[in-house]
Amino acid sequence: MRPVLAAAICFLLLRSCAHSIRSFPSELSHDVRVKFLEAPEYRNGPGCPKLDGDGGGGAGSLVRVAMTLDFEYLRGTVAAVHSVLRHASCPENVFFHFVASASADRECLAGILRTAFPSLGFRIYGFDDGSVGRLISSSVRHALENPLNYARSYLADLLEPFVERVIYLDSDVILVDDILKLWTVPLTGSRVIGAPEYCHANFAKYFSEEFWSDAELPKVFAGKRPCYFNTGVMVMDLVRWREGDYRRRIEGWMEIQRERRIYELGSLPPFLLVFGGDIEPIDRRWNQHGLGGDNVVNSCRALHPGPVSLLHWSGKGKPWTRLDLKMPCPVDSLWMPYDLHSSKDSPLAAQRL
């Protein structure tokens, strides 16, 4: 599809979306102007397994990626998908499971994705915000209270029963390595999730004095050596998740939080409480996180030493926002090559002018 035609179609789709999402009035002022270019077509390399399905139960050769999808982070999601496809050895064998608010126009979102990635394999699932909204407590940053931040806890219920394993990715990441390498990480023993661990971090700070002074609550870590891990990049065994009813375990801690105020940081602490000390440790190269500064201040951070396979702008600052404000951090230049936004500053747009 020609870039001009693709951009025009996307503009009409987004204009239609803007009139249909009455529940997100704060998004209408900027989303209606967003347009995306069509990404290059990425094909499988030699030796890639032949697909035997379209994302259904028979598609055993698929790498399954789960992400949330909304208008506020749409530009980040599109860039993340682009990065996955660009570096995948078998891009046609990557299937995306997107979770969007049940009140969002999923048809419109699907149209936007097809404009940017005409050959992309994906499905969009509606997430009932009310199912978790009653459990969400206030956080240090308002954005962390968005119900979609909690959708990762419900993937085993939202996705089809035949989906046994997924890689969950936040929308503010960029891969610079083959996602197949992450997909093939084994979850040993009875472990349910895998993620990079950071045992040098002060684990105690993620919970309040109310938690640590209680006679019973800290016993959840008895016999374990819990370490901090970031939930923005996880390999998840959904079979074990369903068998262990881990959604209910996470909700249990959220219910305690509503009554006792045992933590401050959104959807992360319940995962630490349920899985801390019992996850599959994955090489840290798969989550170079914190590039958006901390959760309160938008600050620039440098890359940590060592190899990198995934860059993660967790924190308050997002690269697309800083670039639009003409106040980018040096590390934001690593995000730009994957940006399909059709502004004149987009590298892909510049190539096509």
Side-chain angles (χ1 to χ4, degrees), residues 1-7 9-10 13 34-56 59-69 73-98 109-124 163 165-185 233 235 285-286 288 308-313 319-320 333-343 346-353:
M1 185 181 296
R2 293 179 181 176
V4 174
L5 179 59
I9 291 175
C10 197
L13 284 167
V34 175
K35 296 182 287 292
F36 294 97
L37 298 171
E38 183 179 321
E41 191 167 13
Y42 298 104
R43 292 296 187 182
N44 282 355
C48 290
K50 186 177 180 180
L51 291 178
D52 53 359
D54 61 350
S61 300
L62 290 176
V63 173
R64 298 185 180 274
V65 179
M67 302 182 71
T68 57
L69 186 64
Y73 282 79
L74 182 61
R75 188 171 172 186
T77 302
V78 170
V81 172
H82 187 197
S83 74
V84 169
L85 298 177
R86 179 183 288 192
H87 295 286
S89 55
C90 301
E92 295 174 83
N93 292 19
V94 182
F95 191 89
F96 287 85
H97 300 266
F98 293 109
L109 288 168
I112 294 167
L113 290 171
R114 291 192 188 100
T115 298
F117 309 104
S119 302
L120 187 69
F122 70 91
R123 288 179 186 167
I124 302 178
V163 179
R165 180 184 175 100
V166 295
I167 295 172
Y168 174 80
L169 297 177
D170 273 351
S171 295
D172 52 1
V173 307
I174 289 296
L175 272 77
V176 292
D177 204 344
D178 188 354
I179 197 168
L180 186 62
K181 298 177 183 178
L182 184 58
W183 177 253
T184 54
V185 169
V233 180
V235 179
R285 68 187 301 152
W286 287 104
Q288 176 83 240
V308 178
S309 294
L310 183 147
L311 301 164
H312 187 185
W313 278 260
W320 55 91
S333 64
L334 300 176
W335 182 86
M336 287 182 64
Y338 306 96
D339 183 18
L340 293 178
H341 185 266
S342 63
S343 69
S346 166
L348 193 56
Q351 292 174 16
R352 295 181 177 183
L353 290 177

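For the pair L69/L74, a side-chain contact is recorded, criterion being any heavy-atom separation below 4.5 Å from C-beta on. Under the 4.5 Å side-chain criterion, counting only non-hydrogen atoms from C-beta, H312 is in contact with D172. Within the 4.5 Å cutoff, the side chain of E92 has no heavy atoms near those of the S119 side chain.
Taking the ring-ring contact (aromatic ring centres under 6.0 Å, His included) definition, one finds that Y168 meets it with nothing, sequence neighbours left out. By the ring-ring contact (aromatic ring centres under 6.0 Å, His included) test, H87 is found to be paired with Y338, residues two or more places apart in sequence or in another chain being considered. Applying the ring-ring contact (aromatic ring centres under 6.0 Å, His included) criterion to W286, with sequence neighbours excluded, gives no partner residue. Under the rule for a side-chain hydrogen bond (donor to acceptor under 3.5 Å, both in side chains), the partners of S171 that lie at least two apart in sequence or sit in another chain are T77. Residues meeting the ring-ring contact (aromatic ring centres under 6.0 Å, His included) test with F117, sequence neighbours left out: none. Partners of N93 according to the side-chain hydrogen bond (donor to acceptor under 3.5 Å, both in side chains) rule, which considers only residues two or more places apart in sequence or in another chain, are N44.
Using a 30° and 60° split on the angle between ring planes, H82 and Y42 fall in the tilted class, from 30° to 60°. Ring geometry, W320 versus W335: the interplanar angle falls from 30° to 60°, so the pair is classed tilted.
Scanning all heavy atoms of the two residues, the minimum distance from D170 to M67 falls at O-CE, 3.5 Å. Shown here for A79 and I174, the closest heavy-atom pair between the two residues is O-CD1, 3.6 Å. Minimum heavy-atom separation, R86 to P337: NH2-O, 3.2 Å. Heavy atoms only, all atoms of each residue included: L175 and S83 are closest at N-OG, 3.0 Å.
Interatomic distance, L85 CG to E41 CD, rounded to the nearest 0.5 Å: 10.5 Å. In this structure, CG on L120 lies 6.0 Å from CZ on F96, to the nearest 0.5 angstrom. Remark: R75 CZ to F36 CZ distance equals 7.5 Å, nearest 0.5 Å. Atom CG in L311 sits 6.0 Å away from atom CG in L334 (nearest 0.5 Å). A distance of 8.5 Å separates OG in S89 from NZ in K181, rounded to the nearest 0.5 Å. Rounded to the nearest 0.5 angstrom, K35 NZ and H341 NE2 are separated by 7.0 Å.
Checking side-chain atoms of D178 against main-chain N and O of L180 turns up a donor-acceptor pair under 3.5 Å. Between the side chain of R165 and the backbone N or O of W183 there is at least one donor-acceptor pair closer than 3.5 Å.
The only member of L169, V176, I179, V84 that meets side-chain contact (heavy atoms from CB on, under 4.5 Å) when paired with L310 is L169.
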